[in-house]
Number of protein chains: 4
Amino acid sequence: MKKKKNIIQAATRLFAEQGYDGTTTLQIAGEAGVTEPLIYYHFKGKEELFSHILEVTFHEYFSRLDSLEKMTGTQFKRIEALLDLHFRFVKEMPDEIYMGVSTCPARLRDPKHACSKITQHQSERLMAYLRDCLEKGIRSGEFYKVPVSETVEFLIALIYGLMRQRGLHLLEKEGMQEVTVDFCRRSLVKGR
Amino acid sequence: MKKKKNIIQAATRLFAEQGYDGTTTLQIAGEAGVTEPLIYYHFKGKEELFSHILEVTFHEYFSRLDSLEKMTGTQFKRIEALLDLHFRFVKEMPDEIYMGVSTCPARLRDPKHACSKITQHQSERLMAYLRDCLEKGIRSGEFYKVPVSETVEFLIALIYGLMRQRGLHLLEKEGMQEVTVDFCRRSLVKGR
Amino acid sequence: MKKKKNIIQAATRLFAEQGYDGTTTLQIAGEAGVTEPLIYYHFKGKEELFSHILEVTFHEYFSRLDSLEKMTGTQFKRIEALLDLHFRFVKEMPDEIYMGVSTCPARLRDPKHACSKITQHQSERLMAYLRDCLEKGIRSGEFYKVPVSETVEFLIALIYGLMRQRGLHLLEKEGMQEVTVDFCRRSLVKGR
Amino acid sequence: MKKKKNIIQAATRLFAEQGYDGTTTLQIAGEAGVTEPLIYYHFKGKEELFSHILEVTFHEYFSRLDSLEKMTGTQFKRIEALLDLHFRFVKEMPDEIYMGVSTCPARLRDPKHACSKITQHQSERLMAYLRDCLEKGIRSGEFYKVPVSETVEFLIALIYGLMRQRGLHLLEKEGMQEVTVDFCRRSLVKGR
DNA sequence: CATGAATGAGCGTTCATTCAT
DNA sequence: AATGAATGAACGCTCATTCAT
């Protein structure tokens with residue numbers, strides 16, 4: 001069973017680094033220290049191996065989102081918590097995240113594909129969460145009167161951008177999270 | 001010579017949609033309405049075709065950045081112009097942008113690769129531009145006293161996130177640009 | 001493992017008949033009764049398959065040369081034994097020999113290439129052996145006083161010519177070996 | 001018309017260096033400083049270009065053989081003249097010779113092929129010439145009583161071996177011709 | 001659980017050759 | 001006489017996958 005884990009780990013790193021199409025089953029087997037057929041013993045194929053990793057990752061992700069939803073406090077605290085969740089997540093499992101973020105659009109748009117459903121679901125959850133925060137915050141006077149839909153979309157783009165950058169390890173300033181939170185606070189919260 | 005253009009156009013769209021590794025030269029030829037060897041008559045190989053598109057695109061991009069640098073006005077006007085440049089660019093040539101944005105990290109990190117040098121250069125230009133705006137804006141009292149490096153990185157992540165989203169055509173609210181500009185203004189500009 | 005042998009045998013015959021560049025991997029696979037990719041399972045590529053055959057052949061060749069070197073007797077007996085070795089060798093494995101003899105000069109001169117090193121080595125061994133025979137034979141008065149270097153080179157050319165002719169099966173007189181030995185004897189050995 | 005010559009020269013060198021299959025029409029055009037289609041303007045194709053060179057070369061070769069046949073003197077003088085012809089020839093046009101010598105057996109054995117006929121013819125001429133020398137020399141008592149057929153074949157192999165070595169420029173002792181002639185004289189001519 | 005041997009399908013690429021000009 | 005553009009056919013090779021053991 002340790003070998004199955006090796007396969008998953010190797011696959012995750014390679015998918016993240018080289019993309020799905022750029023990674024061969026031989027490479028995965030090599031990095032995992034096993035032979036190719038073992039991959040087919042544990043998974044139906046390359047595609048299923050990929051989906052498996054995606055599902056496990058998003059399962060963890062969604063369960064974290066779940067606990068977030070029970071949170072109380074000001075609406076901005078809730079947004080701050082969402083940002084915190086993502087910063088933590090990408091720090092803990094950067095390969096998994098990057099693998100998800102970098103999946104190619106063709107796969108994302110094919111509705112039959114596992115990727116499509118999962119990222120669709122993620123998008124919807126994020127949108128619902130943010131929309132809820134914004135609407136409540138505006139109604140209560142905590143936030144400025146920003147256009148909700150557009151701001152939701154803006155924040156999602158922001159989160160994606162940050163995930164990608166972190167996942168790529170291209171730039172890694174330490175104070176990023178604080179700066180991000182402050183930036184959003186100034187833009188959203190009235191009379192700080 | 002029309003056929004060469006066809007090849008480039010087809011390649012751009014397919015690379016954007018399916019990634020480099022997911023796109024075959026046969027597909028490109030098919031979409032371009034030519035035979036495969038013609039690709040090799042005009043380009044040294046798949047890799048060079050890819051690089052060529054990248055270079056042409058970034059050449060246009062950099063020449064737009066050049067004209068931006070001559071701009072005067074408040075520092076926020078300059079940032080607004082940078083955002084406008086990107087919004088326009090992705091609207092005019094979404095495939096080219098997405099092709100660039102979605103290149104796999106392995107290719108991005110290999111320093112011998114054309115991708116690497118170009119995106120590196122882009123990053124540096126963006127950083128220099130934004131750093132200049134922020135430093136001048138803070139010094140003149142136009143902006144809040146935000147940490148410069150981190151805010152630069154934050155804004156780059158934001159721009160990447162928006163490019164990706166626009167390129168993917170996943171969400172396309174009309175008022176996005178205005179909302180983006182306003183969001184940043186509230187966060188940066190003092191006493192509006 | 002029988003299939004690997006088939007590949008080697010088929011390749012040897014085809015390389016000998018058609019040359020390296022004139023032989024396709026598909027032909028080899030066809031003649032060997034296997035599919036093309038199996039060649040790549042057992043060998044890194046066409047080049048390595050070729051080198052492998054060359055190395056195995058020359059390994060056998062050199063080991064025969066080794067036993068020759070331990071021989072005693074008159075110097076002409078030693079030369080006779082060398083001719084015998086080559087006549088036997090080309091009779092036992094004509095394809096292997098011809099494959100080696102007919103390799104194209106470009107490959108022979110590229111010092112990075114396996115061919116180059118092996119044939120270089122063969123040349124040196126042959127030269128050393130013949131030079132030794134001639135020098136000793138001349139010193140002891142067994143041979144005429146012939147110019148050593150040139151005669152060595154002459155004998156090597158002769159051996160190559162005979163190998164080629166035998167390998168090609170162009171002309172196959174039975175008494176060739178005897179005639180060859182006698183011809184050389186009359187030219188070298190004094191007072192027969 | 002200078003360009004046609006360029007093509008022929010380039011082709012000759014490349015065919016000699018890399019073999020027929022190892023040489024591409026693009027290479028030939030490149031070396032000749034012309035474009036590929038011009039080759040097809042002057043020749044029906046690669047094959048005909050090759051045959052053309054072969055024929056021109058052998059035409060010259062045969063015309064030299066012709067003048068040899070008119071020669072008088074001792075039989076060994078005639079053999080000496082034959083060796084001289086070959087030494088001269090390979091010195092004057094080494095590429096042409098090597099191109100002929102290194103043609104692959106498949107092409108040599110296909111009776112429909114130009115190569116086949118020409119080399120066949122060459123073989124026959126050489127054999128007839130040498131057979132004539134030997135028979136007359138033996139009958140007149142000039143030569144030892146050697147087996148004619150086998151000695152003819154032996155001498156042809158020797159000539160091929162020397163041609164190859166000279167063509168390859170692998171070893172180039174100056175006194176080779178003299179040593180060769182002397183070697184043969186000692187073996188053939190009685191009571192020197 | 002695990003593997004060595006094997007394959008069908010398809011990849012990027014190159015070839016000799018042709019055609020319109 | 002000469003060429004830029006284009007192609008059908010085939011090449012060496014790699015892929016994800018399977019099967020017998």
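Residue numbering restarts at 1 for every chain, and letters A, B, ... go by the order of the sequence lines.
Close to dG4(E), at under 4.0 Å from its OP1 or OP2, lies no side-chain N or O of His42(C). In this structure, Tyr40(D) does not reach the dT18(E) phosphate: none of its side-chain N or O atoms is under 4.0 Å from OP1 or OP2.
Note: CD (Glu47(C)) to C1' (dC11(F)) measures 15 Å, nearest angstrom. Rounded to whole angstrom, the span from the CG atom of Asp21(C) across to the P atom of dC15(E) amounts to 10 Å. The nearest whole Å value for the distance from the NZ atom in Lys2(A) to the C1' atom in dA2(E) is 15 Å. Atom CZ of Phe43(B) is separated from atom P of dT13(E) by 13 Å (rounded to the nearest Å). What separates CG of Leu14(A) from P of dA16(F) is a distance of 12 Å, to the nearest Å. Remark: C1' of dA10(F) and CD of Gln27(C) are 11 Å apart, rounded to the nearest angstrom. What separates CD1 of Ile39(B) from C1' of dA5(F) is a distance of 15 Å, to the nearest Å.
Contact between Met99(B) and Leu54(B) at its shortest, heavy atoms only, is CE-CD1, 3.6 Å. Among all heavy-atom pairs drawn from Leu49(C) and Ala11(C), the shortest one is CD2-CB, 3.7 Å.
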Distances for protein N/O vs nucleotides 7-11 of chain E N/O pairs under 3.5 angstrom?
residue : atom : partner  : partner atom : Å
dT7(E)  : OP2  : Thr35(C) : N            : 3.4
dT7(E)  : OP2  : Thr35(C) : OG1          : 2.8
dT7(E)  : O5'  : Thr35(C) : OG1          : 3.2

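A side-chain hydrogen bond (donor to acceptor under 3.5 Å, both in side chains) check over residues 31-46 of chain B, counting only residues at least two apart or in different chains, returns the pairs Arg13(B)-Glu31(B), Thr25(B)-Glu36(B).
For Glu55(C), the side chain to side chain donor-acceptor pair (under 3.5 Å) criterion is met by no residue, not counting sequence neighbours. Asn6(C) pairs by the side chain to side chain donor-acceptor pair (under 3.5 Å) definition with nothing, not counting sequence neighbours. In this view, Asp21(A) and Arg107(A) satisfy the salt bridge (charged side-chain N to carboxylate O under 4.0 Å, His left out) rule, not counting sequence neighbours.
Tyr20(B) and Glu47(B) share a side-chain donor-acceptor pair at under 3.5 Å.
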Go through Thr103(C) and Cys115(C) one step at a time and tell me if the side-chain contact (heavy atoms from CB on, under 4.5 Å) criterion holds. CA-CA 8 Å; Thr103(C) 5; Cys115(C) 295; 3.8 Å; yes

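Between Phe62(C) and Phe58(C), the two ring planes are tilted [angle within 30° to 60°].
Taking atom C1' on both dC1(E) and dT21(F), the two are 13 Å apart, rounded to the nearest angstrom.
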With Watson-Crick and G-U wobble geometry limited to distances under 3.5 Å, how should the secondary structure of DNA chain E be encoded in dot-bracket form, using | for bases paired to another strand and [ ] for crossing pairs? .||||||||||||||||||||

